[in-house]
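The basis for the numbers below is simple: all heavy atoms, side chains too, and nothing from hydrogens, waters or symmetry mates. Each ligand, and each atom within it, is numbered from 1 in the order the structure gives. Count residues from 1 along the sequence. Remember, it's a predicted structure, so these values are computed and weren't measured experimentally.
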Amino acid sequence: MSNLYTRLLASSPSKDEPFAILPDGRVINYGALDAMSGRFANLLGELGVGQGDRVAVQCEKSIELVALYLGTVRAGAVFLPLNPAYTPNEVAYFLGDSEATLFVCRPDTLEALRPVANAANVSRIETLGEDGSGSLADAAGRAAPGFSTVAVERSTLAAILYTSGTTGRSKGAMITHENLASNALMLKDYWAFAPSDVLLHALPIFHTHGLFVAINTIMSAGASMRFLPRFDLDAIIAALPHCTTMMGVPTFYSRLVDDPRFNKELVRDMRLFISGSAPLSADMHRAFEARSGHAILERYGMTETNMNTSNPYEGSRRAGTVGFPLPGVDIRITDAETHLPVPVGEVGIIEIRGPNVFRGYWRQPEKTASEFRDGWFVSGDLGRIDDEGYISIVGREKDLIISGGLNIYPAEIEAVIDEIPEVRESAVIGIPHPDLGEAVVAIVAGQAEMLSEEKILSILALSLARFKQPRAIRLVDELPRNSMAKIQKAALRDQYRYLFSKE
Ligand code: MLC
Ligand code: AMP
């Protein structure tokens, strides 16, 4: 069976065709990509990374990192990307849980992370900087560029992506070559990607959206991308006239609409804007269309499943909906109590089945079993299907906050706050935020005179990535509880709903 890499290149783009255009103007063509990824694949073998071994990476976005992803996949090893914002504490868990063979970090974090990797028994630690420096990049430069891509089974793991869990313990989603190849090849057709397309790539590449949806899809079309290190409005405005497509989280689109330079002339060569990872409000959909003349195509996905549904490329892209099940993907909506499919128009839990659905959580068979029902993956998202087949996401059964497209599980933050001796208990909630969609807020009950927002934040900063840290903390005497003594988060969300906006 073919490797993901081979399947992504089935359209055989010529070696001279561009793959990535970098901010400094450098162009990486498909031939160079093959050589770069081949060098990394050869190097992994030299470093003792075998098939199935985990390559954990916590580096800034760079084209070398893309090549390392592809080299890992070509070698039959498992790519495990980590958000560069994670603290050493968080990294320690991922390295230990995954039993990674190789850990690659930034040159400037090596000193802090070496003991973490050693404690997790990682055999090798190497470095890769965003400018292509570092010990791994140096050694790759000396490795041979030609590599015979390893044949794998459909069910062979290509990647593990950690997603936080409701209990606070992150789970490694095991993603196979078939999951990724089937999804990318289908999306290329569904969204009409062609070799002439240039994708504006400003997403991080440690998640499904920027790594798989964006990069795999353009590779399967033999298309190219303008590869930006992060979302920077000036750089986006400068790049838009040279692009045909863009993928982003809703925050990208609201920031564009807020910028007076964003207009129809700027996007004259664009054919498609795609949004996902968090809800795009119907108001934002309309505001964007009024300004740009483009109806954003909203789609719905998950780390565990890649892409599930999408608004149509041809046809009406309906604001506030995530469109139809994608070809090959089955969706059903079931009742939370009876688990039976609900009638059209009624709200229930979205369940997913198809070649896109992951193999399970790394070394957590019970957790895996509990999230599947009769072969369907139970998403935890609440949705409804209307009589024309459009699916809307109306909420979440899982206690999850999505801030700027990044998932945050309250339990993980509550656990750290609750360890502070003066704290009795806490409730972490998501509150509507004009830029991030939702922002993290902590409501804390305890010895108020001994506590302060600054003190709590400084303790959280020691163990939690910045994006998980609350944007506001409120100290209270008591948390509201229902008759079953359960904290009423809905009441708290209601009470603080205007914290970041005008009433
Ligand atoms: C950065 N910060 C965030 C944040 N991103 N805080 C909360 N939520 C976020 N998402 C912090 C920074 O550390 C910084 O801290 C402060 O907020 C201000 O930073 P900023 O400069 O405004 O942030 P910026 O770098 O512009 O990043 C915001 C963002 C970025 C929205 C552009 O987070 C982003 O690119 N998000 C995309 C996430 C993504 O790819 N999700 C896909 C998941 S896959 P300080 O110290 O300065 O206060 C998935 C499946 C699917 O969900 O369906 O796709
Ligand atoms: P992640 O675990 O980071 O992959 O996030 C997946 C979750 O993001 C889904 O379960 C949804 O809750 C949410 N999500 C993704 N796309 C959309 C969308 N278009 N609208 C609403 N929620 C979305």
Side-chain angles (χ1 to χ4, degrees), residues 60-61 81 83-87 161-166 170-171 173 175 183 187 201-214 228-236 247-256 274-282 284-285 296-311 317 319-323 349-352 356 358 371 377-383 391-409 430 433-441 457 461 464-471 500:
E60 294 298 336
K61 184 175 176 179
N83 187 338
Y86 287 145
T87 61
L161 261 58
Y162 274 86
T163 74
S164 342
T166 36
S170 287
K171 307 157 289 183
I175 298 162
N183 217 242
L187 291 174
H201 193 308
L203 286 159
I205 55 169
F206 47 80
H207 276 311
T208 295
H209 198 164
L211 186 63
F212 302 143
V213 193
L228 303 181
R230 59 190 61 82
F231 186 92
D232 173 84
L233 257 178
D234 292 341
I236 300 273
M247 294 184 191
V249 297
T251 301
F252 285 21
Y253 294 111
S254 59
R255 288 185 183 180
L256 277 172
I274 302 174
S275 176
S277 309
L280 181 78
S281 74
M284 183 49 61
H285 191 280
I296 296 174
L297 181 153
E298 187 173 5
R299 64 25 167 215
Y300 157 61
M302 292 183 77
T303 301
E304 288 90 338
T305 61
N306 244 58
M307 298 303 98
N308 303 316
T309 76
S310 170
N311 268 279
R317 298 178 196 157
T321 82
V322 293
I349 296 171
I350 299 179
E351 299 187 0
I352 303 144
N356 56 317
F358 75 136
E371 299 210 2
F377 176 62
V378 183
S379 71
D381 291 313
L382 297 173
I391 298 171
S392 306
I393 301 195
V394 300
R396 294 172 213 131
E397 197 200 27
K398 49 196 176 191
D399 191 12
L400 162 72
I401 300 168
I402 306 184
S403 167
L406 293 175
N407 287 9
I408 298 156
Y409 274 90
H433 188 278
D435 181 42
L436 298 169
E438 286 181 298
V440 177
V441 173
L457 280 176
L464 294 177
R466 171 74 184 104
F467 73 91
K468 298 180 191 168
Q469 296 167 28
R471 293 295 160 127
F500 302 107

For the pair K61 (side chain) and L203 (backbone), establish whether a donor and an acceptor sit closer than 3.5 Å, ignoring hydrogens and angles. yes
Give the single entry among S310, G301, P279 that approaches atom 7 (C) of ligand 2 most closely by any heavy atom. G301
Is it the case that ligand 2 has an N or O less than 3.5 angstrom from some N or O of K398? yes
the protein heavy atom lying closest to atom 42 (C) of ligand 1 turns out to be S277 OG, 3.3 Å
For M302, atoms of ligand 2 separated by under 4.0 Å from a heavy atom: 4 (O), 6 (C), 9 (C), 10 (O)
Go through ligand 1 atom by atom and flag the ones less than 4.0 Å from a non-hydrogen atom of R299. 51 (C), 53 (O), 54 (O)
Examine ligand 1 and decide if any of its atoms is less than 4.0 Å from a heavy atom belonging to R255. yes
Under 4.0 Å from any heavy atom of L203, which atoms of ligand 1 are there? 40 (O)
Could you tell me whether A278 approaches ligand 2 through its side chain, its backbone, both or neither, with non-hydrogen atoms closer than 4.0 Å? backbone
Residue pair I296 / S275: nearest heavy atoms and the distance that separates them: CG2-CB, 3.5 Å
Any side-chain heavy atom of I175 sitting closer than 4.5 Å to one from F212? yes
A student checking ligand 1 against F231 at a 4.0 Å heavy-atom cut-off should list atoms 32 (C)
Taking the side chain as everything from C-beta on, heavy atoms only, tell me whether L406 gets closer than 4.5 Å to H207. yes
Indicate the atoms forming the closest heavy-atom contact of A278 with E298, along with that distance. O-OE2, 3.8 Å
Check each heavy atom of H209 against ligand 1 and say whether those closer than 4.0 Å belong to the side chain, the backbone, both or neither. both
Would a search of protein heavy atoms around atom 21 (O) of ligand 1 find one under 4.0 Å away? no
Look only at interatomic distance and state if D381 has a nitrogen or oxygen under 3.5 Å from any nitrogen or oxygen of ligand 2. yes
When only distance counts, is T303 in polar contact with ligand 2, meaning an N/O pair under 3.5 Å? yes
Does the protein put a heavy atom less than 4.0 Å from atom 25 (O) of ligand 1? no
Counting non-hydrogen protein atoms only, what is the nearest one to atom 12 (C) of ligand 1? Give residue, atom name and distance. R466 CG, 4.1 Å
Which atoms from ligand 1 have a heavy atom of G301 less than 4.0 Å away? 53 (O)
Looking at every non-hydrogen atom in both residues, tell me the closest pair between P279 and P250 and how far apart they are. O-CG, 3.4 Å
Answer yes if a protein heavy atom lies under 4.0 Å from atom 29 (C) of ligand 1, otherwise answer no. no
When you compare ligand 2 with S277, is there at least one nitrogen or oxygen pair between them that comes in under 3.5 angstrom? yes
Is there a side-chain contact between I349 and L382 (heavy atoms, below 4.5 Å)? yes
Can you find a pair of side-chain heavy atoms, one from H209 and one from R299, that are under 4.5 Å apart? yes
Would you mind checking which non-hydrogen protein atom is closest to atom 34 (C) of ligand 1, with the distance to 0.1 Å? G404 O, 4.0 Å
Nearest non-hydrogen protein atom to atom 2 (N) of ligand 1, with distance, is R471 NH2, 3.8 Å
Ignoring hydrogens and geometry, is there a side-chain-to-backbone donor-acceptor pair from N311 to T321 under 3.5 Å? yes
re atom 9 (C) of ligand 1, the protein heavy-atom contact at minimum distance is S403 O, 3.5 Å
Should the proximity of F252 to ligand 1, defined as any heavy atom under 4.0 Å, be assigned to the side chain, the backbone, both, or neither? side chain
Write down the atom of Q469, the atom of A461, and the distance for their closest heavy-atom approach. NE2-CA, 3.6 Å
When you measure from atom 2 (O) of ligand 2 to each heavy atom in N407, L406, I408, T163, which option holds the nearest one? N407
Would you call the rings of F358 and F377 parallel, tilted or perpendicular if under 30° counts as parallel and over 60° as perpendicular? perpendicular
Measure across R396 and L400 and return the closest heavy-atom pair with its distance rounded to 0.1 Å. NH1-O, 2.8 Å
Is it true that K398 and E304 make a salt bridge, defined as a side-chain N closer than 4.0 Å to a carboxylate O? no
Any non-hydrogen side-chain atom of S403 less than 4.5 Å from a side-chain atom of F467? no
Residue portion contacting ligand 2 (non-hydrogen atoms closer than 4.0 Å) for E298: side chain
Are the side chains of M307 and N356 in touch, meaning some heavy atoms are under 4.5 Å apart? no
Any R299 heavy atom less than 4.0 Å from ligand 2: yes
Element-labelled atoms of ligand 1 that are located less than 4.0 Å from some non-hydrogen atom of G405: 38 (C), 39 (C), 41 (N), 42 (C), 43 (C)
Within the protein, is there a heavy atom lying under 4.0 Å from atom 47 (O) of ligand 1? no
Would you say I402 contacts ligand 2, with heavy atoms under 4.0 Å as the rule? yes
Can you check whether T251 reaches F231 side chain to side chain, under 4.5 Å on heavy atoms? no
Looking only at protein heavy atoms, identify the closest one to atom 35 (O) of ligand 1 and say how far it is in Å. P204 CD, 3.5 Å
Give the residue and atom name of whichever protein heavy atom lies nearest to atom 4 (C) of ligand 1, and the separation in Å to one decimal. F467 CB, 3.8 Å
With a 4.5 Å cut-off on side-chain heavy atoms, are T163 and N407 touching? no
